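Taking it in order: structure first as structure tokens, then the write-up.
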Amino acid sequence: MGVAIIGCGAIGSYLARSLDKGIIEDLEVKVLYDKILERARSLSSSLSCRPRIAETLQDVTCSEDVSLVIEAASQEAVRSYALEILESGKSLMIMSVGALADPDLFRRLKKMAETKGVRLYIPSGAIAGLDAVKAAGMAGISRVTLTSRKPLRVFEGNPYIKSKGIDLSRLEEPIVVYEGSASEACRLFPFSINVAATLSLASIGPERVRVRIIADPRAQGNIHEVVVEGDFGRLECRTINKPTPENPKTSFLAALSALATLKKAVDKVHIGT
Ligand SMILES: NC(=O)c1ccc[n+]([C@@H]2O[C@H](COP(=O)([O-])OP(=O)(O)OC[C@H]3O[C@@H](n4cnc5c(N)ncnc54)[C@H](O)[C@@H]3O)[C@@H](O)[C@H]2O)c1
């Protein structure tokens with residue numbers, strides 16, 4: 001199956017290199033696209049499969065040898081490209097899941113995927129426990145909370161932190177910088193709380209999932225704690241992530257989760273929920 005990757009940063013590059021090594025049989029990177037063209041060029045030249053460089057989205061959607069597009073770029077990329085990609089008859093994997101906290105966008109993408117008979121993949125990302133959350137949802141979930149503890153560098157340049165007058169440079173102890181719905185969290189922290197959207201889509205929706213974000217001067221990577229209550233009982237799940245070397249905001253597990261989702265897409269045997 002031919003693959004196109006949109007976004008040649010930490011996740012996109014990791015996926016491209018892994019597929020280039022043949023980690024997943026039957027998947028080959030055919031096209032790379034990045035709004036910074038040079039990133040796509042230099043990634044392509046480092047790969048033995050030498051994918052073509054797309055200069056526009058249409059170069060991706062018109063590629064007949066591509067049947068799956070991987071978005072690893074930004075929420076804005078999802079809003080601008082996702083519908084057109086599905087409309088062109090290609091399956092799509094979305095990493096910037098925060099964009100899907102907008103229920104209208106999610107509904108439109110779902111409908112387009114159904115109309116075109118293609119798939120929309122949303123990997124678990126940097127949290128564990130979604131297998132049990134999905135199973136629990138078959139009966140009924142009453143409460144979901146996500147507590148994310150993050151290193152200070154993750155908040156650099158965040159307008160919400162600035163507007164609250166929070167000075168992280170002097171922080172010695174962890175502080176709660178946000179508490180509210182997953183929906184609002186994804187708007188205020190567009191680069192760093194995608195897991196809240198994924199957890200919401202797998203459970204009770206972005207308005208009802210509660211999110212607490214903690215800035216922790218001692219955290220080395222993102223630590224996510226998920227608590228779910230429902231007819232099944234109670235789930236408590238903690239993931240202590242290491243960041244990717246290329247992007248300290250991005251957990252390595254997010255890239256691995258994307259790779260595992262690709263493998264599941266081609267495997268005939270599925271283990272786990
Ligand atoms: N689902 C998860 O759990 C999870 C975890 C970590 C990161 N993410 C998200 O995945 C995405 C990629 O993460 P990353 O660490 O690789 O980011 P990155 O910043 O390292 O790379 C993103 C790349 O995409 C390109 N890009 C951005 N907007 C674009 C657009 N509109 N068109 C074309 N190219 C565009 C950038 O130029 C950059 O090269 C981000 O949105 C990030 O928030 C999701």
Side-chain angles (χ1 to χ4, degrees), residues 4-18 31-44 46 53-61 69-85 92-102 106 120-130 133 146 148 150-151 153-158 182 185-202 206 211 213 221-224 226 239 241-262:
I5 298 179
I6 300 181
C8 302
I11 295 178
S13 301
Y14 181 79
L15 293 177
R17 289 194 188 106
S18 301
V31 176
L32 295 175
Y33 179 42
D34 197 293
K35 68 179 180 188
I36 303 173
L37 222 73
E38 197 35 50
R39 287 198 184 159
R41 283 206 187 103
S42 93
L43 179 58
S44 175
S46 73
I53 309 300
E55 296 195 359
T56 64
L57 180 69
Q58 285 66 40
D59 292 342
V60 176
T61 54
V69 179
I70 300 170
E71 176 284 321
S74 59
Q75 286 196 21
E76 179 243 316
V78 175
R79 285 189 279 268
S80 312
Y81 312 147
L83 201 63
E84 203 173 322
I85 291 167
L92 173 64
M93 186 165 95
I94 290 182
M95 293 311 296
S96 307
V97 197
L100 305 183
D102 169 358
F106 183 59
L120 182 59
Y121 298 101
I122 301 168
S124 300
I127 47 166
L130 282 197
V133 174
L146 168 71
S148 291
K150 291 173 172 289
R153 60 177 179 270
V154 168
F155 301 98
E156 273 165 20
N158 180 287
C186 291
R187 276 200 305 277
L188 298 177
F189 301 89
F191 303 110
S192 54
I193 198 77
N194 291 283
V195 287
T198 313
L199 179 62
S200 303
L201 295 173
V211 174
I213 301 177
N222 296 316
I223 301 172
H224 299 299
V226 174
T239 314
N241 285 289
K242 281 186 183 169
T244 55
E246 296 86 356
N247 183 348
K249 290 182 185 174
T250 288
S251 302
F252 183 37
L253 188 63
L256 293 173
S257 150
L259 206 50
T261 303
L262 292 175

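For clarity, every value in this text was computed on a predicted model and none was experimentally measured. As the structure lists them, so they are numbered: ligands from 1, and atoms in each ligand from 1. One is the number of the first residue; the rest follow in order along the sequence.
- Side-chain atoms of R17 and S46, non-hydrogen and from C-beta on, do get closer than 4.5 Å to each other.
- Not one N or O of S124 is nearer than 3.5 Å to an N or O of ligand 1, by distance alone.
- Looking from atom 12 (C) of ligand 1 to the surrounding protein, the closest heavy atom is A72 O, 3.3 Å.
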Discussion item. Run the side-chain contact (heavy atoms from CB on, under 4.5 Å) test on F106 and I122 for me, step by step, so that the C-alpha distance in whole Å, both residues' side-chain angles and the decisive distance to 0.1 Å come before the verdict.
Written reply: CA-CA 11 Å; F106 183 59; I122 301 168; 4.0 Å; yes

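- No side-chain heavy atom of K150 sits less than 4.5 Å from a side-chain heavy atom of K249.
- Counting only distance, with no hydrogens or angles, the side chain of D34 and the backbone of R39 share no donor-acceptor pair below 3.5 Å.
- Put simply, the side chain of E71 gets close to the backbone of M95: a donor and an acceptor are under 3.5 Å apart.
- Scanning the protein heavy atoms around atom 5 (C) of ligand 1, the nearest turns out to be A254 CB, 3.3 Å.
- Of all atoms in ligand 1, listed by their number and element, those nearer than 4.0 Å to a heavy atom of N247 are 14 (P), 15 (O), 17 (O), 18 (P), 19 (O), 20 (O).
- The nearest heavy-atom contact from the protein to atom 28 (N) of ligand 1 is S74 OG, 2.9 Å.
- In this structure, L259 and Y14 have side chains that are in contact, with non-hydrogen atoms separated by less than 4.5 Å.
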Discussion item. One pair to check against salt bridge (Lys or Arg N to Asp or Glu O under 4.0 Å): R79 and E76. What are the steps and the verdict?
Written reply: CA-CA 5 Å; R79 285 189 279 268; E76 179 243 316; over 6 Å; no

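- Scanning F189, Y81, Y33 for the heavy atom closest to atom 32 (N) of ligand 1 points to Y81.
- Counting the atoms of ligand 1 from 1 in the order shown, those under 4.0 Å from a heavy atom of E76 are 31 (N).
- Distance from atom 21 (O) of ligand 1 to its nearest protein heavy atom, with residue and atom name: G9 CA, 3.2 Å.
- The shortest side-chain heavy-atom distance between L57 and I85 falls under the 4.5 Å cut-off.
- Ranking the protein heavy atoms by distance from atom 8 (N) of ligand 1 puts N194 ND2, 3.3 Å first.
- The closest heavy-atom contact to atom 38 (C) of ligand 1, among the options E38, M95, R39, comes from R39.
- For ligand 1, the polar-atom distance check finds an N/O of I11 within less than 3.5 Å of one of the ligand's N/O atoms.
- Counting heavy atoms under 4.0 Å from ligand 1, residue A10 touches it through both backbone and side chain.
- Selection from I5, D34, V195 by nearest heavy atom to atom 36 (C) of ligand 1 gives D34.
- A side chain to side chain contact (heavy atoms under 4.5 Å, CB included) with S148 is found for one member of I193, I127, N241 and no other, namely I193.
- Not a single N or O atom of E71, backbone or side chain, sits closer than 3.5 Å to an N or O atom of ligand 1.
- The contact set between ligand 1 and A126, taken as ligand atoms under 4.0 Å from a residue heavy atom, comprises 3 (O).
- Shown in contact with A77 at under 4.0 Å from a heavy atom are these atoms of ligand 1, numbered in order with element: 30 (C), 31 (N).
- Closest to atom 11 (C) of ligand 1 among all protein heavy atoms lies S96 OG, 3.4 Å.
- Of all the atoms in ligand 1, the ones that sit under 4.0 Å from a non-hydrogen atom of F191 are 43 (O).
- The shortest N or O to N or O distance between K35 and ligand 1 is under 3.5 Å.
- By the 6.0 Å contact criterion, CZ on F191 is open, its count of non-hydrogen atoms from other residues, nucleotides or ligands being 12 or less.
- Near G125, meaning under 4.0 Å from any of its heavy atoms, are these atoms of ligand 1: 2 (C), 3 (O).
- At under 3.5 Å, not a single nitrogen or oxygen of V97, backbone or side chain, sits near a nitrogen or oxygen of ligand 1.
- Looking at heavy atoms from C-beta onward, T239 lies out of side-chain contact with V195 at the 4.5 angstrom threshold.
- Taking the charged nitrogens against the carboxylate oxygens, E38 and R41 do have a contact shorter than 4.0 Å, which makes a salt bridge.
- Using a 4.5 Å cut-off on side-chain heavy atoms (C-beta onward), I94 and P123 make no contact.
- Close approach of ligand 1 to T250 (heavy-atom distance below 4.0 Å) involves ligand atoms 6 (C), 7 (C), 13 (O), 14 (P), 15 (O).
- Closest to atom 35 (C) of ligand 1, if we only count protein heavy atoms, is A73 CB, 3.6 Å.
- Taking every heavy atom of I36 and a limit of under 4.0 angstrom, the matching atoms of ligand 1 come to 37 (O).
- The side-chain heavy atoms of D59 and Y33, taken from C-beta on, include no pair separated by under 4.5 Å.
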